[in-house]
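Following: one structure in structure tokens, then a few remarks.
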Amino acid sequence: MIIEMREFTRVEGNGKAEIVIEDGEVKDVRLQIIEGPRFFELLTLGRHYYDVPDIEARICAICYLSHSVASVIGIERAFGVEVPEEITLLRELGLIGEFLESHSLHLYLLVAPDVFGYPDAIRMATKHGELVKEGLALKAFGNRLRVIVGGREIHGINVKPGGFGRYPTVEELEEIERESEALLRLARRAVRLFAQLGPYGAKAKHFVATDGYLWGEKLISDEPGEFHYTERIEERSLVYSFAKQSLYKGEAFFVGALPRLLLKSEMLTPTAKRLFEEHREKLSTGYVSYNNLAQAIELVYSLEKANEIAKTLLDRGIEGENVPVEPREGEGIGYVEAPRGLLIHHYRTDASGNISYSNIITPTALNHAMIEASLLKEARELYGEVDEGRMIGRLEETVRAFDPCISCSVHLVKL
Amino acid sequence: MMDKLKLGVFELTDCGGCALNILFLYEKLFDLLEFYEITEFHMATSLSEGNHYDVALVTGTVSTQRDLNLLKEARNHSEYLIALGTCATHGSVQGSVELPIREKLKAVYGDGGNPMRALDSKPVVEYVAVDFALPGCPYDKEEVYQVLMDIAKGIEPVRKDYPVCLECKLNEYECVLVKKGLPCLGPITYGGCKAVCVRSGLGCIGCRGPLPGEVNPASEYEILKGLGYDDEYIVRKFKTFARWEP
């Protein structure tokens, strides 16, 4: 017998799951990504590098800047281009904006209704209007950063290899400094709220993240040593899903806010670090549901970090100079921490700067096996113990804890 | 007070941006909710209680049999259907990959046939009649707000009929095509985005699709050739969002 879950709600994109029951026991769970395939690597193949980041941005609306930045870094590494600190700081500012926009969307509009027992944030707003407004304020500030750095709220084209089309003004940096400080109070309250959520889903055995907090040269995991993704991560196609599944040394693994905190807590800003320490015991158990709490702590991190970057840039002044980009035959990987976890853009380029090979692996594809493992564990615990409606409700919450981004996950290719 | 209009948001295959952009309306979303009740919007709500919609917003391309079924359901149960965003109106990025579906699937997933019933990505407008088409990747959120408000007040929303260039001039942005020699599709692209890319000092990439009517793609083509861009580059640029034959 197969219990078919309806399409997931309050997640980005179209997905569902099947629970396979044999002899009265849960035998298997299949996560089906039914969003149509989008073929981005085929689309970018043969295209001039200059246009590629703008196309890659279209992979995802919630995290378009992560895609632009990963794409730009991959291309720059292929050409051997180094950019100065001003440009990397601004890119970080954009990625922080995306953390704020995406995490607050996820926590306040998609998860909070579960906490308070509503079908959505709009209906929740009648009783918890203040909370919804606080979430929207954080989200709007995140989007403001995406406009300033990325060019617009969704699918901006301002992030380019070698720099930016337009640099922020002093007034904009002052606005960021001011706003990030003012909003910190709301983010701290979010930590208290989401710390109430209990453990569910599987306990992750392996964690993977970039070696820097927001992006990196290499990857790190719960095991010693830095590595490139090809050394430890393998992808495979599934007959029941448009997303491929990735395994770390043959096993399910976890990317996202919780893995980032557990692997990189020493890189956190002061208040975020203190909050992490306060909840360390709980977070260290590795239950995937604590990803929600980890995201709330990252809201605090993001505001403190945005404040710090704005101050730094105001102190030293913005030069606004792009670095010249000379195309050449090469290969480069861009590793970025998208809000929902590690994102990989890997390119080869020809001598005229056209893309000759492209591979993109998104966080949701990396988490695919972990989501299935979590659903399996929950379904085994709940099947026969509670009624089917309640079981499915909890399974949906389990999927939601990963903050899956399904549109991102459906275009993986190796050529 | 009169009954609220029932609004459904249906997401086919896309990046999620056109649905997300509705949430980015912030307070204006609550203004809309004075006139509308959302009865289907799976990104935002777990409720799904509609079988009739006064207005249906459909985003994305038809890329699977599931998408096609959903689109037909939306069309059959709605009074006024809006194709929302360039995926729905023109096919956008995934619609521009030109290989047949079997070859695309093979390149991406290896040999496994087509068990999930994928289709070649096509815009919504190729399958059903729509009452309004609002392009943009993503569309400008003020625009969708205006369209929904117009409908709520019984006014037929207005289709824009000018290129991005017009909004660029109104904002007094420097012409990046003439002054910087950047490839800019502003002269032939459907306006309505407030020339947001030119605001960043970069060329319009044509994400709202080609402006219908009296535009001159041949002249745009000649200008880009004159700036030193080769045929293939220009053709691919033209086709990225709209499979447009220049």
Side-chain angles (χ1 to χ4, degrees), chain A residues 7-14 34-43 46-48 51 54-55 58-62 64 105 109 113 119-123 125 136 140 143 151-158 160 164-166 237 239-242 244 396 405-408 410-413 415, chain B residues 11-21 23-24 26-27 29-30 33 38 41-48 60-64 66-67 92-94 96-97 99 104-105 107-110 112 115-116 118-119 121 137-138 141 183 193 196-197 199-202 205 207 232-233 236-237 240:
Chain A
E7 290 187 21
F8 304 136
T9 59
R10 283 185 278 134
V11 299
E12 192 292 309
N14 306 313
I34 53 169
E35 181 93 19
R38 301 182 60 227
F39 305 116
F40 268 84
E41 294 89 340
L42 292 177
L43 189 60
R47 297 217 42 155
H48 193 248
D51 292 338
D54 304 337
I55 296 171
R58 264 79 192 173
I59 292 173
C60 180
I62 302 179
Y64 89 85
L105 168 76
L109 300 185
D120 55 55
I122 294 163
R123 284 158 183 95
L136 291 178
N143 263 342
R152 64 170 158 175
E153 284 186 340
I154 299 175
H155 302 335
I157 67 169
N158 195 41
K160 286 286 180 191
F164 296 93
R166 172 192 176 275
S237 291
V239 289
Y240 56 83
S241 179
F242 281 125
K244 285 187 185 177
E396 222 184 288
C405 193
I406 288 170
S407 296
C408 278
V410 287
H411 46 80
L412 311 177
V413 65
L415 288 171
Chain B
E11 238 190 296
L12 311 182
T13 293
D14 64 9
C15 73
C18 290
L20 186 69
N21 217 11
L23 301 178
F24 285 179
Y26 304 116
E27 306 83 49
L29 177 61
F30 289 92
L33 294 173
I38 295 175
F41 187 175
H42 90 238
M43 186 197 272
T45 178
S46 295
L47 278 189
S48 177
T61 53
V62 176
S63 298
T64 59
R66 172 240 173 229
D67 290 342
S92 200
V93 282
Q94 64 263 15
S96 76
V97 185
L99 291 170
K104 284 187 281 200
L105 286 172
V108 174
Y109 300 97
M116 300 276 292
L119 306 171
S121 296
C137 183
K141 62 185 180 180
C193 60
V196 64
C197 294
R199 178 179 179 267
S200 288
L202 296 162
I205 60 176
C207 79
E232 203 196 325
Y233 181 83
R236 293 189 91 158
K237 191 120 187 142
T240 304

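Order of the sequence lines sets the chain letters (A, B, ...), proteins ahead of strands, with each chain counted from 1.
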Does any part of the side chain of [Y], heavy atoms only, come nearer than 4.5 Å to the side chain of [X], both counted from C-beta?
X	Y	value
A:Arg123	B:Thr45	yes
B:Thr61	A:Arg38	no
B:Phe41	A:Ile122	no
B:Cys15	A:Tyr64	no
A:Leu43	B:Ser96	yes
B:Glu232	A:His48	no
A:His155	B:Cys207	no
B:Thr64	A:Glu35	no

For the student: nearest non-hydrogen atoms of [X] and [Y], plus distance:
X	Y	value
B:Tyr26	A:Ala140	OH-CA, 3.3 Å
A:Arg47	B:Arg236	NH1-O, 3.5 Å
B:Tyr109	A:Phe242	OH-O, 2.6 Å
A:Ala61	B:Gly17	CB-CA, 2.9 Å
B:Ser63	A:Gly36	CB-CA, 4.1 Å
B:Ala107	A:Leu42	CB-CD2, 4.1 Å

Heavy-atom contact with chain A under 4.5 Å, split by part of B:Lys141: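 Side chain only.
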Given a strict heavy-atom distance threshold of 4.5 Å, which part of B:Leu119 is in contact with chain A: side chain, backbone, both, or neither?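 No part of B:Leu119 comes within 4.5 Å of chain A.
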Below 4.5 Å, heavy-atom pairs only: which of [options] has the largest tally toward chain B?
options	value
A:Gly13, A:Cys405, A:Gly151	A:Gly13
A:Pro113, A:Gly46, A:Pro119	A:Pro119
A:Thr9, A:Val11, A:Ile55	A:Thr9
A:Leu105, A:Ile62, A:Asn143	A:Asn143
A:Asp51, A:Asp54, A:Val239	A:Asp51

Please lay out, stage by stage, how A:Ile154 and B:Phe24 fare under the test side chain to side chain contact (heavy atoms under 4.5 Å, CB included). CA-CA 10 Å; A:Ile154 299 175; B:Phe24 285 179; 3.6 Å; yes
Just how far is it from atom CZ of A:Arg10 to atom CG of B:Leu47, taken to the nearest 0.5 Å?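 Rounded to the nearest 0.5 Å, the CZ-CG separation comes to 9.0 Å.
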Could you grab the distance from atom OG1 of B:Thr13 to atom CD1 of A:Ile406, nearest 0.5 Å is fine?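 That separation rounds to 11.0 Å.
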Which of the residues [options] is involved in the greatest number of heavy-atom pairs with chain A at under 4.5 angstrom?
options	value
B:Leu29, B:Val196, B:Leu99	B:Val196
B:Glu27, B:Arg199, B:Gln94, B:His42	B:His42
B:Ser46, B:Gly201, B:Ala44	B:Ser46

Passes side chain to side chain contact (heavy atoms under 4.5 Å, CB included), B:Leu20 versus A:Glu153? Steps please. CA-CA 10 Å; B:Leu20 186 69; A:Glu153 284 186 340; over 6 Å; no
Mark yes or no for whether A:Arg58, through its side chain, and B:Cys137, through its backbone, hold a donor-acceptor pair below 3.5 Å.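 Answer holds: yes.
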